[in-house]
Amino acid sequence: MKLRFFGIILASVLALNSCKTNHSEKVSKANIKDVVTSSDVTLVDVRIPEQYSAGTAKNAINIPLAEIQNSIQTLKGKKVVVFCNKGVQADQAMEILKKNGVEAYDGTSWKNVKGIQDEAEADKK
């Protein structure tokens with residue numbers, strides 16, 4: 001009986017571990033600051049053009065999420081930080097970019113990226 005119970009537990013553990021997904025590596029807050037303020041970074045706002053024109057981070061380009069797949073070739077070989085309003089679209093953009101071999105980082109929201117830029121600018125003074 002004990003052996004049978006152990007077998008069931010072992011089978012359950014193996015089954016559960018086989019279902020785990022590989023999560024993309026998260027960049028710590030300290031590292032995202034370094035990436036955002038890097039001179040060789042491309043900042044990509046994935047919101048719609050109307051939202052982008054209402055306010056975004058400094059030097060950000062607008063590639064709406066719906067068009068991100070079509071922009072893969074222009075982003076390959078670049079260090080890219082993607083962001084939106086709250087991070088939902090940025091997460092989706094990250095998934096697409098990573099699957100296509102783009103070095104992408106999650107900036108979450110445009111206010112977060114702008115805040116990092118403002119903080120870095122204040123530190124220079």
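Position 1 is the first residue of the sequence; numbering continues from there.
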Next on the checklist: I need the minimum non-hydrogen distance between Asp106 and Ile32, along with the two atoms involved.
Outcome noted: O-CD1, 3.6 Å
Checklist entry - Looking at Ala90 and Val82, what are the two nearest heavy atoms and their distance? => result O-CG2, 3.7 Å
Next on the checklist: By the definition side-chain contact (heavy atoms from CB on, under 4.5 Å), identify the one residue from Val46, Leu43, Asn112, Thr108 that meets it with Phe83.
Outcome noted: Leu43
Checklist entry - Do other residues, nucleotides or ligands put more than 12 heavy atoms under 6.0 Å from Lys79 NZ? => result yes
Is there a donor-acceptor pair under 3.5 Å between the side chain of [X] and the backbone N or O of [Y]?
X	Y	answer
Lys98	Ala104	yes
Gln117	Thr37	no
Ser38	Asp34	no

Checklist entry - Residues two or more places apart in sequence or in another chain: which of them pass side chain to side chain contact (heavy atoms under 4.5 Å, CB included) with Asn59? => result none
Item to check | Test side chain to side chain contact (heavy atoms under 4.5 Å, CB included) applied to Glu95 - qualifying residues, sequence neighbours left out | outcome: Lys99
Item to check | Any side-chain heavy-atom pair of Ser109 and Cys84 under 4.5 Å | outcome: no
Next on the checklist: Can you list everything that forms a side chain to side chain donor-acceptor pair (under 3.5 Å) with Asp118? Sequence neighbours excluded, please.
Outcome noted: Lys114
Item to check | Residues forming a side chain to side chain donor-acceptor pair (under 3.5 Å) with Glu103, sequence neighbours excluded | outcome: Tyr105
Item to check | Pair Ile61-Thr42, side chain to side chain contact (heavy atoms under 4.5 Å, CB included): steps then yes or no | outcome: CA-CA 8 Å; Ile61 61 171; Thr42 301; 3.9 Å; yes
Item to check | Atom pair NZ (Lys111) and CD1 (Ile116), whose distance is rounded to the nearest 0.5 Å | outcome: 15.0 Å
Which atom pairs, donor and acceptor, lie under 3.5 Å between side-chain atoms of residues 68-77 and protein residues at least two apart or in another chain?
unit_1	atom_1	unit_2	atom_2	d
Ser71	OG	Glu67	O	3.3
Thr74	OG1	Ser71	O	2.8
Lys76	NZ	Asn100	O	3.3

Checklist entry - Under the side chain to side chain donor-acceptor pair (under 3.5 Å) rule, what pairs show up with a residue in residues 45-57, not counting sequence neighbours? => result Asp45-Arg47, Asp45-Thr56, Arg47-Asn85
Item to check | Derivation and outcome, side chain to side chain contact (heavy atoms under 4.5 Å, CB included), residues Leu65 and Ile96 | outcome: CA-CA 10 Å; Leu65 178 61; Ile96 293 167; 4.3 Å; yes
